[in-house]
Amino acid sequence: INGVVASITGGTGKNYCMAPSVVLSGGGGSGARFHATVSPACQISGYVQDAGGSGYTSAPAVTLTPIARCYIVSQVVFMAGMVIEGDGDSSCIQWDGVDENKPIMTASNAYHFTLRNLSVDCRNATHTRSARVGIYVTGGTLFDAADSTIQGVTVQYCQAKGMEFNHSYGWLLLGNDLQYNGWGLFLDDGYNNATFVAGGQYSDNTHDGIYVGSGSSQFKFHAIAESNLENGLHYKAPLIGLSIDTAYFEFNGNGPRGGYDVLGEGCSSNPAVGYDCMATSVNISNSLFTATNEKASVYVSLTADFTFAHN
């Protein structure tokens, strides 16, 4: 002791898939702070001193508070009609660190399911590696991945994509936070119809906050996209019906490649390719943009029936 707390020793415990909080109390002193580290086996592997404190005359009591209901998984597969609901950030799904190419949560041809109020962490337990995709939704030749809701979900630290949609229809994305990924929300080129994004943020990603691929239709965005190193929202033609309304864009495009708050591209740089290579019915209104990014706030090309109002 000698006035400061130099170290903590104790058992390894079990089921600590994420590091618990460490609180020291008593001992006659104050100011000592430590944080715990955990092993891939979900056990306490050690304690790291953040501050030794002062005035301690005896060993303080150590209290560990685990993060509730945090599970390391290989993969969670959604079935039609399924509901998975947590109680916020204290309910988490974490990658097991084995196959980085396997999405942590996936739905194939599933419909009418709900995912609500939990976090998905693409890092392994020691935060040394990451899975490529957090949540992957795909349809098929017979059915779309359709008419489902993801609400209050946080997805972070994925190498490539926080959420990826391929051949989907009628999705509600409400109040989700997709941060520190390659892309936040990624709609593959091909077919994704009637996607509604409201609330939450798609920020601090190394590429785009949102990518809306060619072949998409009726995409609506009412949320925040800021501090993405390339673009806040990036769409690519051919595309029909994209609406950005009451959205907030700030500090996008500050990475080495630059970017925009909103970037809209045709499927060719040659305007002579014609109508089939254009985005049509694009509306941007009632939204806030900043001028701090390296290029422009909004840049669109090969876009027809374009409205930009009240921004």
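Just so it is clear, the structure is predicted and the values come from calculations on it, not from any experiment. In what follows, every heavy atom counts, from backbone to side chain, and hydrogens, waters and symmetry copies are set aside.
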> If you group Ile, Leu, Val, Met, Phe, Trp and Tyr by side-chain heavy-atom gaps below 4.5 Å, do F196 and I150 land in one group?
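Hydrophobic grouping puts F196 apart from I150.
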
> Does A146 offer a backbone N or O that forms a donor-acceptor pair with the side chain of S148 under 3.5 Å?
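Present.
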
> Ignoring hydrogens and geometry beyond distance, is a side-chain donor-acceptor pair present between Y191 and S168 at under 3.5 Å?
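S168 and Y191 do not have a side-chain donor-acceptor pair below 3.5 Å.
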
> Start with the C-alpha distance between Q43 and V38, add both sets of side-chain angles, then the distance that settles side chain to side chain contact (heavy atoms under 4.5 Å, CB included), and finish with yes or no.
CA-CA 5 Å; Q43 295 179 316; V38 297; over 6 Å; no

> Would you say the side-chain atoms of N193 and S217 include a donor-acceptor pair closer than 3.5 Å?
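A donor-acceptor contact under 3.5 Å links the two side chains.
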
> Determine whether a donor-acceptor pair (N or O, by modelled atom type, separation under 3.5 Å) exists between the side chain of N254 and the backbone of G258.
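Answer holds: no.
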
> Assess the pair Y157 and H127: is the distance between their ring centroids shorter than 6.0 Å?
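For Y157 and H127, the ring centres are not under 6.0 Å apart.
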
> Would you kindly say whether Q49 and Y47 are connected by a side-chain donor-acceptor distance under 3.5 Å?
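Judged by distance alone, the side chains do not pair up.
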
> Check this for me: R123, atom CZ, are more than 12 non-hydrogen atoms of other residues, nucleotides or ligands nearer than 6.0 Å?
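Result for CZ/R123: enclosed.
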
> Verify, without hydrogens or angle tests, whether N181 (side chain) and V155 (backbone) share a donor-acceptor contact under 3.5 angstrom.
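Yes; at least one donor-acceptor contact below 3.5 Å.
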
> Pick from F249, F251, Y248: which one makes a ring pair (Phe, Tyr, Trp, His ring centres under 6.0 Å) with F289?
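Answer after filtering F249, F251, Y248: F249.
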
> Can a donor-acceptor pair be found, under 3.5 Å and without considering hydrogens, that links the side chain of S287 to the backbone of A247?
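Side chain of S287 to backbone of A247, a donor-acceptor pair under 3.5 Å: yes, one is there.
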
> C158 versus V133: any side-chain heavy-atom pair under 4.5 Å?
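Side chain of C158 against side chain of V133, heavy atoms only: no contact under 4.5 Å found.
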
> Heavy atoms only: give me the nearest V98-R129 pair and the separation to one decimal.
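Scanning both residues completely, I find the closest heavy atoms to be O-NH2, 4.0 Å.
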
> If only atom types and distance count, is the side chain of S45 paired as donor or acceptor with the main-chain N or O of T37 below 3.5 Å?
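Yes, S45 side chain to T37 backbone: donor-acceptor pair under 3.5 Å.
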
> With no hydrogens and no angle check, is any side-chain donor or acceptor of S216 less than 3.5 Å from a backbone partner on G213?
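Flag set: sc S216 to bb G213 pair under 3.5 Å.
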
> Could you tell me if D261 and Y299 have a donor-acceptor pair between their side chains, going purely by distance under 3.5 Å?
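Side chains of Y299 and D261: no pair found under 3.5 Å.
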
> Please determine whether the number of non-hydrogen atoms from other residues, nucleotides or ligands lying under 6.0 Å from atom CD1 of I240 exceeds 12.
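Result for CD1/I240: open.
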
> Hey, does the side chain of Q156 reach the backbone of V120 with a donor-acceptor pair shorter than 3.5 angstrom?
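Pair absent, no side-chain N/O of Q156 close to backbone of V120.
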
> Between N283 and S285, do the side chains contain an N or O donor and an N or O acceptor separated by less than 3.5 Å?
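Judged by distance alone, the side chains do pair up.
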
> Check for me, please, whether W171 and Y202 land in the same ILVMFWY cluster - side-chain distances under 4.5 Å, paths through other members count.
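Yes, it is one cluster - the side chains of W171 and Y202 are joined through contacts under 4.5 Å.
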
> Regarding H167 and N192, do their side chains bring together a donor and an acceptor under 3.5 Å, going by distance alone?
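Absent: no donor and acceptor within the cut-off.
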
> Set out, in order, the CA-CA distance, both residues' side-chain angles and the distance that settles side chain to side chain contact (heavy atoms under 4.5 Å, CB included) for Q179 and D177, then state yes or no.
CA-CA 6 Å; Q179 297 177 279; D177 292 337; 4.1 Å; yes

> Would I93 end up clustered with Y180 when hydrophobic side chains under 4.5 Å apart are linked, directly or stepwise?
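Each belongs to a different hydrophobic cluster.
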
> What I'd like to find out is whether the side chain of N117 reaches to under 4.5 Å of the side chain of S91, using heavy atoms alone.
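They are not in contact (no side-chain heavy atoms under 4.5 Å apart), so the answer is no.
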
> Would F186 and F165 count as a side chain to side chain contact (heavy atoms under 4.5 Å, CB included) here? Give the steps.
CA-CA 6 Å; F186 193 97; F165 284 62; over 6 Å; no

> Side chains of T149 and T114: is there a donor and an acceptor less than 3.5 Å apart?
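Short answer, no.
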
> Could you tell me whether the side chain of F219 reaches within less than 4.5 Å of the side chain of L233, counting heavy atoms only?
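Yes, at least one pair of side-chain atoms sits under 4.5 Å.
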
> Do K220 and T195 get their side chains close enough for a donor-acceptor pair, meaning under 3.5 Å?
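Their side chains do not contain a donor-acceptor pair, so the 3.5 Å distance test is not met.
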
> Does a donor on one side chain sit under 3.5 Å from an acceptor on the other, for N286 and H310?
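No - no donor-acceptor pair under 3.5 Å links their side chains.
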
> Are side-chain heavy atoms of L239 and S214 found at a separation under 4.5 Å?
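Side-chain contact under 4.5 Å: no.
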
> May I ask you to check whether N231 and N252 show a side-chain donor-acceptor distance below 3.5 Å?
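No.
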
> Using side chain to side chain contact (heavy atoms under 4.5 Å, CB included), reason through K102 and S74 one step at a time and then give a plain yes or no.
CA-CA 8 Å; K102 181 188 293 185; S74 172; 3.2 Å; yes

> Between D305 (side chain only) and T280 (backbone N and O only), is there a donor and an acceptor less than 3.5 Å apart?
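Checking the backbone N and O of T280 against the side chain of D305, no donor-acceptor pair under 3.5 Å is found.
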
> Taking E164's backbone N and O only, do any of them form a donor-acceptor pair with D188's side chain (distance below 3.5 Å, no angle check)?
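The answer is no, because no donor-acceptor pair under 3.5 Å joins these two groups.
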
> Are side-chain heavy atoms of W95 and E100 found at a separation under 4.5 Å?
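The answer is yes, as the side chains (C-beta and beyond) meet within the 4.5 Å cut-off.
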
> Output yes when a side-chain donor or acceptor of Q94 lies under 3.5 Å from a complementary backbone atom of V73, and no otherwise.
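Side chain of Q94 to backbone of V73: no pair is present.
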
> How close do H207 and N228 get, counting heavy atoms only, and between which atoms?
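Heavy atoms only, the tightest pair is O-CB, 3.8 Å.
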
> Pick one: which of L185, D189, L263 meets side chain to side chain contact (heavy atoms under 4.5 Å, CB included) with Y211?
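Of L185, D189, L263, side chain to side chain contact (heavy atoms under 4.5 Å, CB included) with Y211 is met by D189 alone.
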
